[in-house]
Amino acid sequence: MLKKTVADLHPYVPEEPLQDLQAKLGIDKLVRLSANENPFGTSPRVKKALATATSLPLNEYPDGNANALREAVAQYLQVDPEQLLFGCGLDEIIELITRTFLEPGDEVVEPWPTFSEYKLHDQIEAAKTVDVPVTADGRVDADAMVAAITDKTKLLWLCNPNNPTGTLLKPVELEALLSRIPQHVLVLIDEAYIEFVDGVDNPSAVQFLDQFSNIVVMRTFSKIYGLAGMRVGYAVVPKSLIASMQAVRLPYNLNSVSQTLALAALDDQEFVADTKRKVVAARKSWTDFLTAQKLNFYPSQTNFIFFQVPDAAGLHDFLMHNGFLVRDRLRPDWLRVTFGSAEENAQLQKLIAEYLAAHK
Ligand SMILES: *Cc1c(COP(=O)(O)O)cnc(C)c1O
């Protein structure tokens, strides 16, 4: 009865509710540093907007075009409001893209490792994922990505900065890569973490939208804006494709509360800047720590860091029983840690040092 591709699927495993995990482990407090959430919460303006959201007409369908949010995002990014496509999280945009473009047998080129949902949806559409391993220093291998393109290639994913490696393709590198990708390939640039990039002028691919007609740029409110619970993501889509993508999108995919709160979040760029400052400081502390521990890691431009440890599963378990959930099984012998508050980072680093010292 099932589609064959669905019968064979390895589903994405979402985070287990913290309370359930704590009860299972028999501990009072588990700090989740496995999902790249914002440990500093969200903007106070969002909370204020939530208080006034009680006056929203909940019996009415939301604005199917998210017009207020659309105008605000268009202004923020300096793009045409017509080019924006909103989703119930960036997750839904990923699904929408694969649903709109992929036919059985199409090929999709992506770096490896990268965000696992791209491949999941390739699989559902019976498309073939072509994994292109990152270089030894964790960067997207531009030459190998280009070499992997065939006349069957329909999509090419670039997560920039990349999850889980944390590495960034700088604008000059990105532009050079884009100029080598043929027009029949749609390039999908996932910028879920772009706001965390530091020391690079104008890192976003939004600046290339006029230059290349085959790129889509995606963003989310789940990471730096601290609004993962409200599920809002969006894409900037070439004008030639937007009508078809809007036709595939469910008409009321973004509920009215989410629209209202995302608008409030966007309005507080001070919160965004403050989070970035804290994340940049955390990044330095983690880089210093991993260097001192002589552990191999990739240079991160995100709110997490990916590093190699001899016994990743053992360390993961030790940390979990001591109150910290980090991400394992993204690649053998590697862990990904989301930066927490300064205090959480210090506690977690102490635990890791303790474990490593005891397991020499
Ligand atoms: C977190 C994440 C997403 C999903 O974002 P949502 O808007 O919460 O669905 C998409 N892409 C990458 C690379 C992510 O890390």
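Just follow the structure's listing: the first ligand is 1, and inside any ligand the first atom is 1. What you see is a predicted model, and the numbers here were worked out from it, not measured in a lab. All heavy atoms count here, side chains included; hydrogens, waters and symmetry mates do not.
- Protein heavy atom nearest atom 15 (O) of ligand 1, with residue, atom name and distance: Y193 OH, 2.5 Å.
- Salt bridge status for E125 with R99: absent, with no side-chain N to carboxylate O gap under 4.0 Å.
- Near R231, meaning under 4.0 Å from any of its heavy atoms, are these atoms of ligand 1: 6 (P), 8 (O), 9 (O).
- In terms of protein heavy atoms, atom 10 (C) of ligand 1 is closest to F115 CE2, 3.4 Å.
- A distance below 6.0 Å separates the ring centres of Y298 and W334.
- The closest protein non-hydrogen atom to atom 8 (O) of ligand 1 is S222 OG, 2.6 Å.
- Of all the atoms in ligand 1, the ones that sit under 4.0 Å from a non-hydrogen atom of G89 are 6 (P), 7 (O), 9 (O).
- Of all atoms in ligand 1, listed by their number and element, those nearer than 4.0 Å to a heavy atom of T220 are 5 (O), 6 (P), 7 (O).
- Residues R219 and D190 are not paired through a salt bridge, judged by the lack of any N-O separation under 4.0 Å between the basic side chain and the carboxylate.
- Remark: minimum distance from atom 1 (C) of ligand 1 to any protein heavy atom is reached at K223 NZ, 1.4 Å.
- Closest heavy-atom approach to atom 4 (C) of ligand 1 among the candidates N36, T302, D91: D91.
- Here the protein heavy atom with the shortest distance to atom 12 (C) of ligand 1 is D190 OD2, 3.4 Å.
- In the model, T135 has no side-chain atom that pairs as donor or acceptor with a side-chain atom of D141 under 3.5 Å.
- Residues D63 and Y252 bring no donor and acceptor atom of their side chains to less than 3.5 Å of each other.
- A salt bridge links K239 with D80: the distance from a Lys NZ or Arg NE/NH1/NH2 to an Asp or Glu carboxylate oxygen falls below 4.0 Å.
- In L90, the parts holding a heavy atom less than 4.0 Å from any atom of ligand 1 are both the side chain and the backbone.
- Every heavy atom of F221 sits 4.0 Å or more from the atoms of ligand 1.
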Test log, rule salt bridge (Lys or Arg N to Asp or Glu O under 4.0 Å), inputs R231 and D91: CA-CA 9 Å; R231 317 300 305 122; D91 282 354; 3.4 Å; yes
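- Heavy atoms of C159 come nearer than 4.0 angstrom to ligand 1 in at least one pair.
- A salt bridge links D198 to K276: one of the charged nitrogens lies within less than 4.0 Å of a carboxylate oxygen.
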